[in-house]
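Below, all heavy atoms of this structure are taken into account, side chains as well, without hydrogens, waters or symmetry copies. What you see is a predicted model, and the numbers here were worked out from it, not measured in a lab.
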Amino acid sequence: MMKKYNDYENIMYGYLKNYNQFQAKLKDIDIEISTVTEQINSLTDVKIAKYDNQPTGGFNELSSIERNVERKQKLERKIQSLQTDKLEISGLLRRIDNALEVLPYIDRTIIQKKLIYGYPWFRIATETKYSERSCQRMMIGAIQRLTRTLFGNTIYEQGRLFIFVDNQYKICG
């Protein structure tokens, strides 16, 4: 699917609105890695002679040692997959944090309070001492700057289309 440059702003909104979910997912992945590691450690680490890449016969035909080795290999592959997911999510969060750090304090505050913490506009306006409309305009400009920082200036060239992989953990740019 081809996306226009302003679709990247919508992606940026989505990243910011889901920021807390990304952080929660990282913690969940850490817990799952820890659980799987404990499962691996609980399996007996017995060395066996291996004559082929895969054990022959069905699961019930394997010895208990072979079943443990097969299970351990599956669990190790699961940990690798979880670590890959963790790297992608943490990389995205680092890129978002970096982009936010570049913004002026007031813009960063407005974006964090509205999109990450979900404050209503009247509360943001009261806390920042700007009108609601001014806060809204400031956020629109800040989102544009964040999008350029995260995805690059080239996405703003008029009429140019870009390919984007629709996956909440994948980043183009």
Side-chain angles (χ1 to χ4, degrees), residues 1-43 45 70-121 123-124 127-128 130 135-173:
M1 171 191 255
M2 302 291 277
K3 294 193 180 240
K4 293 184 180 181
Y5 68 95
N6 60 352
D7 289 340
Y8 285 92
E9 289 178 13
N10 291 329
I11 293 165
M12 190 73 230
Y13 275 105
Y15 284 166
L16 291 167
K17 286 182 179 181
N18 291 300
Y19 186 89
N20 291 326
Q21 283 75 20
F22 287 134
Q23 287 183 324
K25 183 65 179 172
L26 276 181
K27 289 178 185 176
D28 186 53
I29 289 172
D30 282 335
I31 291 168
E32 194 168 355
I33 287 172
S34 175
T35 302
V36 172
T37 301
E38 288 173 12
Q39 290 173 352
I40 289 172
N41 292 337
S42 73
L43 296 172
D45 193 20
E70 187 173 307
R71 180 174 171 144
K72 185 176 182 178
Q73 289 171 345
K74 282 183 181 180
L75 291 171
E76 287 171 345
R77 285 191 298 272
K78 184 173 185 176
I79 284 180
Q80 289 173 343
S81 175
L82 289 168
Q83 288 172 335
T84 299
D85 290 347
K86 181 180 176 178
L87 282 173
E88 289 181 19
I89 296 169
S90 63
L92 172 63
L93 288 175
R94 282 194 311 273
R95 290 183 69 202
I96 292 170
D97 290 341
N98 180 57
L100 284 169
E101 286 177 18
V102 174
L103 292 176
Y105 174 78
I106 191 67
D107 292 346
R108 182 173 55 246
T109 300
I110 290 170
I111 283 178
Q112 288 172 331
K113 288 181 185 285
K114 182 63 183 171
L115 297 177
I116 296 175
Y117 303 119
Y119 288 15
W121 282 116
R123 184 171 172 191
I124 296 169
E127 290 181 14
T128 60
Y130 287 93
C135 288
Q136 291 167 356
R137 276 190 246 130
M138 292 167 80
M139 188 177 85
I140 289 169
I143 290 290
Q144 291 171 347
R145 288 192 299 280
L146 280 175
T147 304
R148 280 193 299 271
T149 301
L150 201 63
F151 297 109
N153 287 326
T154 56
I155 63 174
Y156 279 89
E157 294 175 16
Q158 286 294 339
R160 192 158 172 200
L161 299 175
F162 297 86
I163 298 172
F164 185 81
V165 177
D166 281 325
N167 182 334
Q168 67 181 2
Y169 301 127
K170 299 288 183 202
I171 306 167
C172 260

What verdict does the side-chain contact (heavy atoms from CB on, under 4.5 Å) test give for Y8 and L150, after you've listed the backbone C-alpha separation in whole Å, the side-chain angles of each residue and the deciding distance to 0.1 Å?
CA-CA 9 Å; Y8 285 92; L150 201 63; over 6 Å; no
Verify the neighbour count for atom OH of Y130: are there more than 12 heavy atoms of other residues, nucleotides or ligands below 6.0 Å?
no
Under-4.0 Å salt bridge between K78 and E32:
yes
Note: D107-R145 ion pair, threshold 4.0 Å (strictly below):
yes
Side-chain contact, heavy-atom cut-off 4.5 Å: [X] with [Y]?
{"X": "K25", "Y": "D28", "result": "yes"}
{"X": "Y15", "Y": "N10", "result": "no"}
{"X": "L115", "Y": "M139", "result": "yes"}

Where is the tightest heavy-atom contact between C135 and I124, given as atom of each residue plus distance?
SG-CG2, 4.0 Å
Of the non-hydrogen atoms in I111 and A142, which two are nearest, and what is the gap between them?
CD1-CB, 3.3 Å
Carefully, step by step, assess Y19 and D97 under the rule side chain to side chain donor-acceptor pair (under 3.5 Å).
CA-CA 10 Å; Y19 186 89; D97 290 341; 2.4 Å; yes
Test your reading of the model: is there a side-chain donor-acceptor pair from N20 to the backbone of Y117, 3.5 Å cut-off?
no
Check: T84 side chain, Q80 main-chain N or O, donor-acceptor pair, under 3.5 Å:
yes
For Q39 and R71: C-alpha separation, side-chain torsions, deciding distance, then whether side-chain contact (heavy atoms from CB on, under 4.5 Å) applies.
CA-CA 10 Å; Q39 290 173 352; R71 180 174 171 144; 4.0 Å; yes
Please walk me through it: do L26 and F22 pass side-chain contact (heavy atoms from CB on, under 4.5 Å)?
CA-CA 6 Å; L26 276 181; F22 287 134; over 6 Å; no
Is it the case that the side chains of Y13 and N18 hold a donor-acceptor pair, with the cut-off being a distance below 3.5 Å and no angle test?
no
